[in-house]
Structures are given as C-alpha cells and as structure tokens.
Amino acid sequence: MPVYSEKVMEHFMNPRNVGEIEDADGIGEEGNPVCGDLMTFYIKVEDNRLSDIKFKTFGCGAAIAVSSIVSEMAMGKTLEEARKITPALVAKELEGLPKNKYHCSNLGAQALNKAIDDHLKKQGVKVKTKRGRKDE
Amino acid sequence: MRKVYLDNAATTPMLPEVLEAMLPYLKDSYGNPQSLHGWGDEAREAIEDARGKVAALIGAQPEEIIFTSSGTESNNFAVKGLAGAQQSKGRHIVVSAIEHFSVLHSARTLEKQGFELTLVPVDRYGLVNPEDVARCIRKDTVLVSIMHANSEVGTIQPIREIARLAKEVGAIFHTDAVATAGTIPVDVSELGVDALSLAGNQFYGPKGVGALWLKKGVRIIPYLEGGVQEGGRRAGTENVPAIVGLGKASELVGKETGPRIEHLSALRDRLIEGLPSRIDRVILTGHPTQRLPGNASFCIEFIEGESMLMLLNHQGVAAASGSACTSKALKASHVLLAMGFAHEIAHGSLLFSPGVWNTGEDIDHVLEVLPPIVDRLRQMSPLYAKFSKEQSGRR
C-alpha cells in the first residue's frame, strides 16, 4: 500500500460529504481522467457562507481523502475564507501526503475554488483569481 | 479475517522444500565456489547441480545457463549484451510495445547509443502479429526481443513463429520468459530462440536470482566484469543459496506441470466468469484463450485501481493494478495503452494472479468482497455519475 498517514486512511475509508447537490449554487471540476484524477465539487451558499458542500471523485486514495478533507475544512466558511485553503494547508491537515501524491491536494483546493468562481459568476460578479487562471 | 494472496505475478511465495535446500548454504556451507578447497568444492558443486536443474526445466544444456540477480538483469544483459556483440553486422533492433521495462528501457538506452529501434505493435488482446514482426525486420536487424507472455494481461505470444521470422534475416532472437518459465512448459528448442530470461521468484523460488539461457555459440558482451564467474560473462561471487533455491524450484515445478496448470486455470476462469456476472462494465484484458493459467486481469470502468487495491487490502485480498496512481511515475500501464485502451479505462486496471496454494474459496471471497467495493467507489465517481445520467437519458 502507498505510505499514507492515518488521517488520509481514515478519510479514504470514511469520506465525508460524498454526493451531488441537485440545485447547487456552484459547481467546480478539476483534473481529468487522463491523468487519473477527476474531482467535482458542488456548493450551496447562504449569506456568503458555504452552507453545504458535496463532492464526487475519481482517483486514488489520496484524491478521495483530499476531497473529503477539503469539504470538511471549507464547510461553514465564508467564500473568502474558503479560498484561503491552499494545497499546503490540505496536506498539513491530512498529516502529510506522499511526494508523488501532492498534486492531489492541489486538485482539491482548485476544484473548490472553481465551484466558488462558478457561484460568483452566476451572481454576475467578475471573478479574478490570484492563481492567474483565466475566467473563461 | 481471511487472507487471500492473489499477486503471484509480483512474486510467488517460496516452496518450503526450496527454503530447506537453501538453508545449509546460508549456514555451514558458506564457501566461495571459486575457492580451491573443500568449502569451495561444496559450494561449486551446489551451483553446478542447480545449473543442471534450471537447464532441465527449459530443455537446455547446463553450460548454457548464466545465473543473474533477477529477470530484470537477465533482460538488461540480453538486450544490451546481444545487440552490442552484433553491432558490426547492423544496428537495428526490434522489440514489442508491451515488453517489461527491463527490455524496453534497455532498448531505449541502445537507441541513445546510436541503434535504431522499432517497436512492434500489439492488438486489442495484447497479441503480437508475426506478420508485423516480419514487416519490422530489416537486413541490418541484429536483435529481436519479444516476451513469451505478458504478466500484466497474461497474453502468450506465438514465439516459435516469430522466432523463425527473425532467424530468416539472421537476427538473434531473445525472449523474456519470466512470466512463463516454471509456469507453463518452456522448451528452448521448441520455441526456436537464441536467448531466454527467467526469474526464481516467479515460480516459487527465492527473490534476487534469475538466469539467462544463451544458446551455445551465441556471442554476448559480458554484463559484469571482474572474475571468471559464469564464464567471465557475469562476474561477482555467486549468490550460492539463491542459486541453489532457483535450482530446487526448477526441479519441483518441472514435475506435475499438468495438474498445476489445471488448478490455476480453474481459479482464473472462476474469476473471469464470476466477476462480469456480478459487476457490470468489466472488461477482461488480454487474450481470452491464449493466456497464462494464473492470470485474471480486468479493467473496471469508472473507478481507479489504487482505491480498489486499498479497499481489497482492507478485506485481506492482495491484487495488483496498472493504474497511473499505483505507479510511482504516475503513468498508466504502457501495456494497456499499447493495447488501445483509453487512459480512463486503463486507470481501472485490476489484476488477480492466483498461485498453487489458492483455493476456490479464495476466489469466492474475492467475488463476494469486490462488488461492494466497486459499488462504493462508483457512487463516489463523477465518471459513473455521468454514465448513469446518460443511460437514464437514453431510456
């Protein structure tokens, strides 16, 4: 087995917030099936806070654990706070990730960010991202 | 919890008789085979006895066996050493697209040194078409290396036919028989090859030992230079206990080949028939009939191999996968890609390789625990969600 921390294993075995939200306020997809990881995040927003988060993930143990912990870390946070969840914070919260799985932590944070972007766009807000990603 | 080891393609466990045979050479019989005294004689006799047993397993002469550290070493040795020894005749080599990396990467190294390399494609079943090999072979082709069987998908190649074509242009033919030697009957004259690799840990022998069979008269560049061991072609003090173990394993698996193949084939077929009837969208990979007795390989759609392995391990089951996430390099199996599978399908690769100690109950355990694992991962998978939506839209 890959050398995963207990926390990764725990989230992999019991992932939180798996699923879809039918009437999501924002949806974000990151990764692609070619590289082997694909994450979709669904969010509900109330008073600028993430009132519900669900995800679906195709990928390895790390990808599933990352999705789960990101959903947990972001739940109830304001959009601004949720955007501050960096890959490094995700990895730290999971008590570390193997080096070659680090990119998974990136995908989780990005998928959530894309869902927030999607929500804001629906609200008519022009989205600027620090990461230099073009908003369409 | 029931423990079910179904990863014999990675390594087989060792037969107890093999361990027994090895023990004296790890204890009191510690001599160096090259030494000129009683201790040396004892060790030398032991490795010569093993040489005879390994030769007998593949219908070869004892003096044609060179002991190595592994199948990987045998393949490196063969590809680099045979091509190197022939380069005055030509600098073109041919290998299949699904070779083990020890052949493929060695061929790439030769390419960097100025050799030309042609990769023979395979079909959807991982089968090399001899006519394709014939098309790849040229007047300056000095080496053709095609594996006897692929351990990932189990497909067995028509080596005899391919080797004949290689011979027609005077090229040397090497086959990586790591997955077949000691598993199915392998006879070097019947196959008509010039060189063949095998490894001990694939047929109930120890790890860290293999052999390269080299037909008498075929030239090769020494792999390790130093002393006179292995005819000066592979120097270094012999790994006596491991070589003795390899010999003992060769002797044991050479007997009762028929019943062993029958047993493994029955376990394999129980999986091949059982899984698709319990899980939808399962693809059998490899050839349906020309395949290794102990190989049941699949791609399970919409989910990823590493997750499956982790959950299977949780249920006491050891299997393998060629998914990108399971490889350190994060690349999907080159074998499955060469067979034409899309990346997302290849990521769902799952290989069960039963061994002699597995039982029908072991297989039934897998048939029981795998469907809920697949279901659980599919419920999490966005690819499966998309597929389900498309399906219900069609209805």
Side-chain angles (χ1 to χ4, degrees), chain A residues 1-6 8-22 24 27-42 54-68 70-71 97-108 111 114-115, chain B residues 5 7 10 281 299-333 336-337 341-350 372-389 392:
Chain A
M1 286 294 99
V3 199
Y4 286 140
S5 69
E6 271 179 40
V8 171
M9 285 306 290
E10 203 273 315
H11 274 266
F12 170 71
M13 293 307 294
N14 310 291
R16 329 311 192 232
N17 306 310
V18 175
E20 293 176 33
I21 299 174
E22 285 289 324
I27 300 176
E29 193 178 277
E30 189 63 56
N32 64 68
V34 173
C35 81
D37 293 301
L38 182 68
M39 299 178 185
T40 312
F41 269 77
Y42 302 81
K54 295 261 189 254
F55 75 86
K56 284 225 161 168
T57 291
F58 163 82
C60 62
I64 290 170
V66 161
S67 310
S68 168
V70 166
S71 73
L97 277 171
K99 219 175 175 181
N100 66 343
K101 301 283 186 181
Y102 197 79
H103 75 111
C104 294
S105 59
N106 230 334
L107 294 179
K114 279 191 172 176
Chain B
Y5 183 78
D7 197 13
R281 309 289 288 198
C299 281
I300 316 257
E301 287 189 65
F302 315 117
I303 55 177
E304 189 278 328
E306 188 200 276
S307 306
M308 280 191 272
L309 293 187
M310 287 169 73
L311 292 172
L312 278 168
N313 186 55
H314 194 69
Q315 300 285 344
V317 178
S321 168
S323 99
C325 301
T326 53
S327 81
K328 288 244 161 66
L330 299 179
K331 281 185 184 157
S333 154
L336 294 171
L337 297 181
F341 288 101
H343 279 87
E344 54 265 48
I345 304 287
H347 291 313
S349 125
L350 191 59
I373 288 174
V374 170
D375 197 45
R376 173 176 174 170
L377 290 171
R378 280 184 175 168
Q379 290 312 315
M380 261 187 246
S381 164
L383 297 178
Y384 188 65
K386 269 177 206 162
F387 166 76
S388 304
K389 269 172 207 154
S392 59

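Below, chains carry the letters A, B, ... as their sequence lines are ordered, and counting in each starts from 1.
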**Fill in**
Heaviest contributor of heavy-atom pairs below 4.5 Å to chain A, chosen from B/A385, B/G348, B/P382, B/S381, is B/P382

**Prompt:** Taking every heavy-atom pair that is under 4.5 Å apart, which of B/H314, B/Q379, B/M380, B/H343 has the most such pairs with chain A?
**Reply:** B/M380

**Request:** Find out whether A/M13 and B/L311 are in side-chain contact, i.e. whether some heavy atom of one side chain is under 4.5 Å from a heavy atom of the other.
**Result:** yes

**Prompt:** In terms of heavy-atom proximity below 4.5 Å to chain B, should A/A63 be classed as side chain, backbone, both, or neither?
**Reply:** neither

**Request:** Could you look at A/L38 and say if it's the side chain, the backbone, both or neither that has a heavy atom under 4.5 Å from chain B?
**Result:** both

**Complete:** In short, A/F58 meets B/E304 closest at the heavy-atom pair CE1-N, 3.9 Å

**Asked** If you look at every heavy atom in A/G59 and B/S307, which pair is closest and at what distance?
**Response** O-OG, 2.5 Å

**Results of salt bridge (Lys or Arg N to Asp or Glu O under 4.0 Å) for B/E301 - residues two or more places apart only** = B/R281

**Request:** Mind checking ring pair (Phe, Tyr, Trp, His ring centres under 6.0 Å) for B/F302 and listing every partner two or more places apart, or none if nothing turns up?
**Result:** B/Y384, B/F387

**Request:** Find the distance between CD1 (B/I303) and OG1 (A/T57) and round it off to the nearest 0.5 Å.
**Result:** 13.5 Å

